[in-house]
Amino acid sequence: MKTRKIQGFLNGELLRSQWVRNQYKLIALIVGLVFLYILAGYRSMQQQHRLTDLRKEVRDKKFEYLTLSTELATVTRQSRVVKELEQRGSKLKENKKPMVRVK
């Protein structure tokens with residue numbers, strides 16, 4: 001009995017049956033929906049991978065920003081600037097008096 005069903009499926013008898021002929025539009029619709037479902041799954045996976053990559057890039061850029069801002073703060077510190085000027089032999093001197101605002 002089972003071999004007869006398998007043979008019928010392989011030789012195409014199943015596709016020639018009246019029920020399949022009457023339902024070919026429904027079968028085509030189901031196949032189309034399955035195709036769209038698989039396509040949506042792949043698209044979702046692709047977006048997830050892209051989102052993960054963008055998160056890594058944002059994290060890397062954040063660390064780079066923190067490093068650069070720390071270096072800038074170190075370079076522009078008043079004591080560092082004064083030492084640098086002294087080493088280069090500049091005649092500029094640090095003002096020890098507080099600034100006075102004229103109104």
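Worth knowing before you read on, the calculation uses all heavy atoms, side chains too, and leaves out hydrogens, waters and symmetry mates.
- The distance from atom CZ of Phe63 to atom CG of Leu68, rounded to the nearest 0.5 Å, is 13.5 Å.
- When the side-chain hydrogen bond (donor to acceptor under 3.5 Å, both in side chains) test is applied to Glu86, no partner is found at least two apart in sequence or on another chain.
- A donor-acceptor contact shorter than 3.5 Å is absent between the side chain of Ser44 and the backbone of Ala40.
- Residues meeting the side chain to side chain contact (heavy atoms under 4.5 Å, CB included) test with Ser90, sequence neighbours left out: Leu85, Leu92.
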Enumerate donor-acceptor pairs with a distance under 3.5 Å from any side-chain N or O in residues 21-36 to protein atoms, sequence neighbours excluded.
{"residue": "Arg21", "atom": "NE", "partner": "Arg16", "partner atom": "O", "Å": "3.2"}
{"residue": "Arg21", "atom": "NH2", "partner": "Arg16", "partner atom": "O", "Å": "3.2"}
{"residue": "Asn22", "atom": "OD1", "partner": "Gln18", "partner atom": "NE2", "Å": "3.2"}
{"residue": "Asn22", "atom": "ND2", "partner": "Gln18", "partner atom": "O", "Å": "3.4"}

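- The shortest non-hydrogen separation linking Leu66 to Thr70 is O-OG1, 2.8 Å.
- Linking Ile, Leu, Val, Met, Phe, Trp and Tyr whenever their side-chain heavy atoms come within less than 4.5 Å leaves Val58 and Leu51 in two separate clusters.
- Listed by first and then second residue, the salt bridge (Lys or Arg N to Asp or Glu O under 4.0 Å) pairs involving residues 42-63 are Lys61-Glu64 (not counting sequence neighbours).
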